[in-house]
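Numbered from 1 within each chain, the chains take letters A, B, ... in sequence-line order.
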Protein chains: 2
Amino acid sequence: MARPRKPLLSRERIVSTALALIDSEGLPALSTRRLAAELGVSGPSLYNHFTTKDEILDAVADTVIAEVDVSGFGTGADWRAGLLDWARSYRAALAAHPQIVPFLAQGPGRRPAGLKMADAAFGGMVGAGWPPAQATRVCAMVRYFVAGSALGSFARGFVDDPSAYDPADYPHLGRAHLLAEHQRQVDEGAFETGLRALVDGLALQHPELLPPKGG
Amino acid sequence: MARPRKPLLSRERIVSTALALIDSEGLPALSTRRLAAELGVSGPSLYNHFTTKDEILDAVADTVIAEVDVSGFGTGADWRAGLLDWARSYRAALAAHPQIVPFLAQGPGRRPAGLKMADAAFGGMVGAGWPPAQATRVCAMVRYFVAGSALGSFARGFVDDPSAYDPADYPHLGRAHLLAEHQRQVDEGAFETGLRALVDGLALQHPELLPPKGG
DNA sequence: ACCTGAACACCGTTCAAGT
DNA sequence: ACCTGAACACCGTTCAAGT
């Protein structure tokens with residue numbers, strides 16, 4: 001075929017096809033040859049648009065992070081609302097694409113959407129009165145919690161087979177085989193309960209940053 | 001060479017060499033051929049001791065989890081001490097081998113040390129009076145937080161290059177390039193602050209599970 | 001039982017060749 | 001500029017062959 005009149009590929013098409021492939025078959029399924037086949041071209045064609053496979057993954061990761069909503073910061077409410085909104089939106093974005101979380105959780109690097117999110121979150125906390133060093137810690141702990149919760153389901157981490165839990169070895173895991181069945185409730189319940197505890201605990205440590213009670 | 005009098009390999013030697021290779025060069029560096037070379041044998045030899053590469057990784061992951069100390073549960077103190085001890089030991093074990101965290105965080109599956117840890121943590125919380133459904137959530141949120149914090153440094157996720165943070169794009173990240181330098185302080189501070197907040201917040205939600213104040 | 005080399009179907013990436 | 005096939009140095013795994 002050689003060079004077509006109109007390019008067969010574009011960065012956008014490569015990225016969206018890669019994300020779809022990762023979502024449906026997992027990160028190991030994304031090979032340059034497989035991705036190229038999905039796009040109807042030969043493997044090396046991708047190198048006209050990206051210099052390495054990792055650069056493709058960076059672009060995919062950034063489109064996922066771009067979905068995170070940080071508009072909750074700076075609405076005038078106290079910092080808790082902004083933090084809760086951000087964390088929930090962050091988790092929703094990652095949970096929609098759990099397979100890419102291990103790559104994404106390496107940090108923003110030079111990815112624009114990742115840096116923009118970090119800027120908004122850190123800036124939001126500082127704007128609400130948090131000292132910068134503390135604001136950094138808060139952003140870090142939210143990332144820990146969100147990435148950990150999206151990285152892999154807690155509930156699905158336990159095999160769905162009663163015989164895996166011998167009561168002689170694991171006296172308290174008699175019902176662990178039921179976890180997988182209630183995956184969403186368990187994981188979402190744990191995230192929401194943990195997030196509330198985190199925010200409540202931070203508020204307890206910093207009462208001076210809250211609006212005075214009782215109007 | 002064919003079969004030697006004394007086996008050249010053992011599961012233990014394979015596992016410890018694999019862990020050392022993962023620690024020093026990362027998860028992608030662990031190939032069966034590379035590992036075999038490190039052990040002084042040819043690639044297929046490994047298949048006399050493990051049926052797949054994933055089975056090797058399972059064994060490696062389980063030795064990491066086996067280091068976690070769960071003895072803090074059931075010392076008679078309230079649940080907070082057990083939870084804090086467990087979480088800190090859990091994080092220390094994972095942070096010592098960050099490269100295997102993405103694999104490990106998939107859950108215990110059928111790995112004995114992983115199940116033993118889950119059994120002790122869940123049993124400890126239930127023994128301290130937590131309703132099973134809540135105890136499950138607490139174990140899940142600790143896993144989220146620990147795995148997220150060990151998965152990748154927050155601080156090292158930001159490149160050590162001031163020009164990466166254009167003030168026009170990221171007005172609040174003017175000092176982000178300094179994060180990497182203070183990696184340990186940032187990450188350990190965030191973990192410890194977050195863990196305390198989590199425990200404080202849980203205590204607030206469940207005052208009935210704490211010993212009465214003031215003796 | 002436990003090792004070997006050869007083989008199979010894969011990888012990421014480079015490069016000269018085509019238009 | 002943007003695609004191709006051939007090639008290089010890799011993968012995980014199977015298998016017949018050796019002792």
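- Taking atom OH of residue Tyr47(B) and atom P of nucleotide dC2(C), one finds them 18 Å apart after rounding to whole Å.
- Across every non-hydrogen atom of Lys116(B) and Tyr170(A), the tightest pair is N-CE2, 3.6 Å.
- The side chain of Pro44(B) approaches dA6(C) more closely than any other nucleotide in the set dA6(C), dC3(C), dG12(C).
- Ranking dC11(C), dT13(D), dC3(C) by closeness to the Ser31(A) side chain, first place goes to dC11(C).
- Atom CZ of Arg11(B) and atom C1' of dC2(C) are 15 Å apart (whole Å).
- Asp119(A) is not listed as a side-chain neighbour of Tyr165(B), based on a closest heavy-atom distance of 4.5 Å or more.
- Among the heavy atoms of the strands lying under 4.0 Å from Leu30(B) are primed sugar atoms or P, OP1, OP2 only; no base atom is included.
- In this structure, dA6(C) and dT14(D) make a Watson-Crick or G-U wobble pair, each of the two defining distances being under 3.5 angstrom.
- Nearest heavy atom pair, residue Leu46(A) against residue Thr32(A), reads CD1-O, 3.3 Å.
- Summarising the geometry, the separation between NZ on Lys6(B) and C1' on dC3(C) is reported as 15 Å, rounded to the nearest angstrom.
- By the 4.5 Å heavy-atom criterion applied to side chains, Leu202(B) and Arg137(B) are not counted as neighbours.
- Rounded to whole Å, the distance from CG on Leu46(A) to C1' on dC11(C) is 13 Å.
- One interatomic measurement links the two molecules: CZ of Arg33(B) to C1' of dC3(C), which rounds to 16 Å at whole-angstrom precision.
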